[in-house]
Every structure is written in structure tokens, then in C-alpha cells.
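These notes are about the structure you will find just below.
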Amino acid sequence: MSTTGTTVVAQRRVRLVTGELGSPESRIPAWAYSWGTAAVFAVLYTVLSVRRHQLQQTAGYDLGIFEQAVRAYAHLQAPVTPLKGLGFDVLGDHFSPAVAIIAPFYRVFPSPVTLLVAQSVLLSLAIVPLADWALTARGPRTALVVGFGLGASWGVVQAAAFDFHEVALAVPLIAFAVRALGEDRWRAAALWSLPLLLVKEDQGLTVAAVGVYIALRGPRRLGLWLTAAGALGTCAEVLLVLPAVNVHGGFDYWQQITGGGTATTGGVTAAGGGGSLIGLLLHLPWPGVKWLTLLMLLAPTAFYALRSPLTLLCAPTLLWRFASGNSHYWGVAYHYSAVLMPIVFGGFVHALTRGGLSWRRGRAALAASAAFTLATLPFFPMRELALPTQWITPAHVETADAILGEIPAGVKVAASNRLAAQLVHRDTVTLVCMRDASADADFVVVDASDSKAIAPCSADTAVAELTRFESRGYTLVAQSDGVTLLRR
């Protein structure tokens, strides 16, 4: 064991003697601060995400896409996702073979709820290593602040509420790796980080960052090998694997990560940095929403995460996001910051355990962190659990559910985005505006008020497609409250 690890154990023994970790007769077992807190948030995330799905607030993009991939894996098939296009293999979109780990559960429980529950459990698992580390290092109060702070953090909650995404697999891996780094357990950190290469192509950069950290502070050879594995892994996936699998023969996101020119995603066009190195450097810190993102990342730890070098592991993810011309990557929305939250909270714990910090200042930092967590709860999706309206099913949703009930299982359906997520578990589903993929659909269903119809086609486009299908002989089955069902 390293000197730092020995010191941590010694400190824990001292606190056990002084009662800071609770007496042996304490009614709260040590595991409750980590596993207990994780279980609480797993339930909260599940209730939040499943209720949103019941209210048709999920979409084909992205819950439906991932469900089609997992469904294919569950039947030992290539992850072809009709929602992305005719014959589209999702491994040519993002390199995320790790999602196949959910396939056995989906085979038993073929439902979008399976993905949502899996995501909830994965996200909550990140609490376990960091809360336990906090308990070991500074006692129950720190463990509760860190555990509940991470669980209720805006980055993780946004991911839990926004459909399903592969990064849910990365969040616990990063949390375990960060703790191992903080305790100088270098080999464990390397082993926890390596699977990130199978989660998504950009996560190789995080693996490389872990390698650099190890090379500078631990065994240099191990760190250099890990750095090479991460960097080469990302390069191989982006330059070789993705283009080889992609139906277009390339990496679809180059135009979004170069910072040059403009990038259009989901109907939103964002300015880049002009295509030159100077333009890219000028583009990195602006617009101001990027500074807001940095502020929101550090504020949950009362900015004490800045006292730890572990927080620098955020740099690769922030750099590619801020270099992008896609404005969705710059702010605090969606799921993009979920992988950063365990890093900053790990940096928080690390800072609290380092020398030079008095217990008084440590308590002040914990109080500020807890206050920020409580103050931001009303502004992010967790608040929905306390809203009475969230537990009342609107008449429009009931109407749509009734019309969807007219579609039998095992048929091909062309649907608008929001309705697609409701059908994927039982039908072959394409988006109504993808003409090649939806040409031979048995049923067509469109919601004219689809608030999720942003990418890749608008609600107006979906409605216009109804006329085209009618001109081809499709007949009206049902129409009510803006929801229309046609049959071939």
C-alpha cells in the first residue's frame, strides 16, 4: 500500500476512536451511506424516467434508437436501427458495444422500461465509491453531502431524465477510477478506466487523461501504456471502425467537432470557429454559456474541486464539447455532463482529504455544497417528482395511447418521433419522414402536436408525409386530437 493509502487508513482509525465515523454501536451501518444512498437515487431516477415515458415525453431519438440496438443484441443480431435509416448499424454512429450488457435483461423483459431502469441503476452506482471514500476519509457528514450531492447533481439528473444514453455505463466506471486514483491505487484505476473504450469513442480521451495522471504521480510505465491505449483507441474507433461500419463510409460528426464553419443538428445551426487553428482557439471560450457550464460544474463542490488535480480529468470532454460547432454541447442541458459529475465530486473528496485544510473550512465547504444542491433542485428535472401535474395523465396522451392500441404487434410502423418510442418494443419502427426506410410501412401514425419532433424532421414535415401516404392508397384508421393513424 502507498504512503497516501496508509495515511487514509490511519486517519480512519483515529476517527473511529474519536467517534467521527460513529461508534461500533451506531445504528447506521457503513454500507448505508454508499449503497443506501445509491438505492434511494436508483428508485428516484427510475420513477422519474418511467413516468416521463408514460407521459410520452421520451422519443425515438434517442430511447427508440437504443432500444432497437439492445433488442437486436438480445436476439444475437447486428445492432441495426431502422429509426436511423435503412440498414443503419448503430455501431457506425457511435462506437458503443458496451450497451450489449443490457441485452440479457431485455431478452427477459422486452420493454423500454428495461433500458430506463438499467440507466437509473448505472447512474446511481457512481455514488457508491465516492460516498464510501468520503465516509472513510472524513466521516458520515461528508459521505451524505457527497452521496446526495452527486445523486442530485444537475448533470446526472439531466441524464436520468433524458431518454437512454450509453454514457450511463461510463459514469460508474469513471467514479470507481477516480476514487482509485485518489487513493493511489494505480492498477485499479487503469482497470476501471479501460472499459470506457467500449462505451463511446470520445471516452478514450478520458482513458488517456487517467494515463497521464498515473504517469505523473504513479508508475510511469503503466501511465504511458494507458495513455497510448486511450489515445490510440479513440483514433482507431473514429478513423477506422466507425467509417468501416457507417453506411455513409465516414464519421458522421466530424463537422461538429472541428469547430470550423457551421454545424446543423436537429434543425439548429451553430457557428464554428472559422476552420483554422486560430479560429478554433478563439471559439473555445465563447459564447458565454460555456463559462456558465464551468461555473455549474464547480459550484456543487463549493469550488473546492479546483484544489485537486483529479478535476483536470474533465479537460478532454470539455475541450471537444467547447470546440464543437454544435451548440447543444456547450450548455447544461441533455446528458453530456453526466460523465463529468463523478470527476468533480471525486476532486471534492480528494481536496477535503489533502493536507492544509482545517476541519472548520471543510465543514464550511460541505455546507456550501449542500446548499447549492438544495438551491438547484427546483431548476432541474428531479422537481417533477413533486409536481401534482406530473401524476395526471393528459387527455391527449390517453387519446394517443388508445390509437396506438389499434396497431398490432410485429408490424412495420412509420411514426413521428414521440410516438416511435412507444412502439419499438413490439414493432419495427421507422420515422415517418425517412422515405426510404418507411416506404413499405404497414401503418403510419403521426402526432401533429409532437413536441419531440425536432430531429431529423419537424412536426410539420411529419404531418405533410400523411398526404403522401394517403396518395399511395393508405386509408384512415383513426384520427383524434391531432393524432392520425393510417393503414396500408
Would you find a donor on one side and an acceptor on the other, under 3.5 Å apart, between the side chain of [X] and the backbone of [Y]?
| X | Y | result |
| --- | --- | --- |
| T114 | F109 | yes |
| T301 | L298 | yes |
| S111 | V113 | yes |

Side chains of [X] and [Y], heavy atoms from C-beta outward: is any pair under 4.5 Å?
| X | Y | answer |
| --- | --- | --- |
| T136 | R179 | yes |
| V424 | P112 | no |
| E166 | F95 | no |
| H425 | Y106 | yes |

Aromatic ring proximity, centroids under 6.0 angstrom, W320 and Y329: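 Yes, the ring centres sit under 6.0 Å apart.
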Any chance [atom1] of [X] has more than 12 other-residue heavy atoms, nucleotides or ligands included, within less than 6.0 Å?
| X | atom1 | answer |
| --- | --- | --- |
| W291 | CH2 | no |
| R383 | CZ | yes |
| L222 | CG | yes |

Would you tell me whether [X] and [Y] have side-chain atoms, one donor and one acceptor, within less than 3.5 Å of each other?
| X | Y | value |
| --- | --- | --- |
| N246 | D252 | yes |
| R321 | T293 | no |
| Y253 | D93 | yes |
| Q54 | R51 | yes |

From the options Y336, Y334, F380, select the one residue that forms a side chain to side chain contact (heavy atoms under 4.5 Å, CB included) with Q158.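 With Q158 as partner, Y336, Y334, F380 yield a single side chain to side chain contact (heavy atoms under 4.5 Å, CB included), made by F380.
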In Å and rounded to the nearest 0.5 Å, what is the CG to CG distance from L169 to L196?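 That separation rounds to 9.5 Å.
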Atom of S369, atom of A302 and distance for their closest heavy-atom approach: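 Closest approach of S369 to A302, heavy atoms only: N-CB, 4.4 Å.
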